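Let me begin by presenting the structure, written as structure tokens, before commenting on it.
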Amino acid sequence: MPDLTSHASPSHASPPGRAASDIPASSNPTAIPLPQTEAETAQGGANQDSDPANNKGVASPGLLDSFLSPVFTPPMTPGGSLNPTGLLQQSQLSGVQHTTAPTKLLSQLPNVECIVRARIPTTNGAEMFLHLYHNDIDNKEHLAIVFGNSIRSRSLDRVRPGEGEMDRMIRGAYVGKLRPGRVSSWYDEDHAEASERGKQGDDAGHDTGSSGETKNKKLAQSPLVRIHSECYTGETAWSARCDCGEQLDEAARLMSSPHETLSETISAEDAAAFDANSPGGVIIYLRQEGRGIGLGEKLKAYNLQDLGSDTVEANLLLRHPADARSYGLATAMLVDLGLGADSNPDGIRLLTNNPDKVRAVEGPNREVVVQERVPMIPLAWRTGGKKGIKSSEVENYLKTKISKMGHMIQ
Ligand SMILES: Nc1nc2c(ncn2[C@@H]2O[C@H](COP(=O)(O)OP(=O)(O)OP(=O)(O)O)[C@@H](O)[C@H]2O)c(=O)[nH]1
């Protein structure tokens, strides 16, 4: 077993020789000539030196010249536009602290609609409601994993023309619990729960019980929210290259037993009081695999990483942005779930180390308020290496997040 440092206190110096700005172009045979920016083209070409060696490109030790083969076709980043010149200019700024472009905010939130919701009993005993969304900017099935009973989707609860009670129950627009023989989506006999709101066509509230009872209830704490991007390798294929699977598990754990926090466990009495007012939690699961470049491109990036690049360099070498994601859909889904500033002015607590995510999730007009950022410290760092992921790859992945993407993991 190699001597791994994932549990060590992080002192996160950039890996030597990795930063593009640190390597003189003349001594960098693998520098890739970059296309002109639109502005440069308009000016007749600011970058008129035809010698590729004089263009600073992405330095990746160990890459062969053949990488520059003319058969290499730069891919399209799904749903994104690419300006590698701009990205690299940022990476060449002094200190290489935050080398990625800030996440672009859409000027307007997309429209989202919750199509169906279903109760999922989970293997650890907790229960959650899986919400599947459609939207008007892509054809993907983005998800909201909702813990607790106080968070409901407005678009799901809205009455649809011509639908009957069975239709509503089948698509998950019911209060309380389903059981054989139940006939009303609005009234749950066992729990004496009725929602008048939906019947009246009022989509402004988010109560689950008798009308008005929970609508303006002051919650003990703001709801916990995690915006998670799909990672097939880390969540399903047991990859130790990243900590995505661990982060998803940890977010679910914190939301299903909200009195367990990262730092303390509160008394049983306090826990009961907390549960009575539990704000619940939401994991917004966005289908932006590989930071938005897709699984195929991420696998190429893995091979580049094995050839010596870090995670940011590998994306740039493949002509993708370091991070091609956006969060407008997440903001719109949170608003639909009643966690927007209009109905939840106290805001949310966002589980993340990513500063871009905090700004981006708030939306172009602060449609969502992030009241507090809750850090996600890797399990191996918190337990001195006893638990969590141990690999040199995950160590490099986390180091690059800190040194090049400005992540706040301490
Ligand atoms: N391109 C690329 N994407 C990766 C790599 N490793 C993991 N990912 C993707 O990174 C994304 C994980 O990001 P998130 O879990 O949202 O986390 P984050 O934005 O890094 O920040 P946190 O909220 O602090 O976790 C997923 O889409 C993964 O598929 C990699 O080596 N290259």
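Here the structure is a predicted model, which is why all the values come from computation and not from measurement. Atom set for the values below is all heavy atoms of this structure, side chains included, hydrogens, waters and symmetry mates excluded. Whatever order the structure lists ligands and atoms in, that order sets their numbers, starting from 1.
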Side-chain H-bond candidate by donor/acceptor type, Glu297 with His320, under 3.5 Å = yes

Does ligand 1 have a heavy atom under 4.0 Å from the side chain of Tyr232, from its backbone, from both, or from neither?
-> neither

Does any non-hydrogen side-chain atom of Tyr397 lie less than 4.5 Å from one of Arg241?
-> no

Atom 10 (O) of ligand 1: which protein heavy atom is closest, and how many Å away?
-> Arg291 CG, 3.3 Å

Structural part of Ile293 in contact with ligand 1, heavy atom criterion under 4.0 angstrom | side chain

Kindly give the heavy-atom pair with the smallest separation between Gln371 and Ser222, and that separation in Å.
-> NE2-OG, 2.9 Å

Face-on cation placement of Arg226 at Tyr285 ring, 6.0 Å and 45° thresholds | no

Which of the atoms of ligand 1 are close to Gln288, meaning less than 4.0 Å from one of its heavy atoms?
-> 27 (O)

If only atom types and distance count, is the side chain of Asp336 paired as donor or acceptor with the main-chain N or O of Ser155 below 3.5 Å?
-> yes

Main-chain N/O of Ala240 paired with Ser391 side-chain donor or acceptor, under 3.5 Å | yes

Have a look at ligand 1 and work out which part of Lys298, if any, has a heavy atom under 4.0 Å from it: side chain, backbone, both or neither.
-> side chain

Would you please test Gln288 and His142 for side-chain hydrogen bond (donor to acceptor under 3.5 Å, both in side chains) and show each step?
-> CA-CA 9 Å; Gln288 26 192 10; His142 302 278; over 6 Å; no

Donor-acceptor pair, Thr331 side chain versus Tyr327 backbone, under 3.5 Å?
-> yes

Region of Glu230 that comes within reach of ligand 1 [heavy atoms, distance under 4.0 Å] = backbone

From the candidates Met408, Arg325, His407, Gln305, the one that places a heavy atom nearest atom 31 (O) of ligand 1 = Gln305

Measure across Ala324 and Ile293 and return the closest heavy-atom pair with its distance rounded to 0.1 Å.
-> CB-CG2, 4.3 Å

Enumerated ligand 1 atoms positioned under 4.0 Å from heavy atoms of Arg226 = 14 (P), 15 (O), 17 (O), 22 (P), 23 (O), 25 (O)

Any sub-3.5 Å donor-acceptor pair from Thr383's side-chain atoms to Lys387's backbone N or O?
-> yes

Taking heavy atoms and a distance under 4.0 Å, where does Asp323 meet ligand 1: side chain, backbone, both or neither?
-> neither

Which residue supplies the protein heavy atom nearest to atom 24 (O) of ligand 1, what is that atom called, and how far is it?
-> Asn353 N, 2.8 Å

Which of the ligand 1 atoms, numbered from 1, are nearer than 4.0 Å to a heavy atom of Thr311 | 31 (O)

Which atoms of ligand 1 have any heavy atom of Lys357 under 4.0 Å away?
-> 14 (P), 16 (O), 17 (O), 18 (P), 19 (O), 21 (O), 22 (P), 23 (O)

For atom 6 (N) of ligand 1, the closest protein heavy atom turns out to be Tyr397 CE1, 3.3 Å

Answer yes or no for Arg241: is there a heavy-atom contact with ligand 1 below 4.0 Å?
-> no

Numbered atoms of ligand 1 (with element) below 4.0 Å of Thr352, judged on heavy atoms = 22 (P), 23 (O), 24 (O)

Qualifying residues under salt bridge (charged side-chain N to carboxylate O under 4.0 Å, His left out), relative to Glu113, sequence neighbours excluded | Arg160

Which residue owns the protein heavy atom closest to atom 1 (N) of ligand 1, what's the atom, and how far is it?
-> Asn315 OD1, 3.0 Å

Can you find a non-hydrogen atom of Lys401 under 4.0 Å from ligand 1?
-> yes

With heavy atoms and a 4.0 Å threshold, my read on which part of Cys244 contacts ligand 1 is side chain

Just jot down the salt bridge (charged side-chain N to carboxylate O under 4.0 Å, His left out) partners of Asp138, sequence neighbours excluded, or say none.
-> none

Shortest reach to atom 25 (O) of ligand 1 by a heavy atom, considering only Glu289, Gln247, Glu235 | Gln247

Return yes or no for this condition: an N or O of Gly290 is under 3.5 Å from an N or O of ligand 1.
-> yes

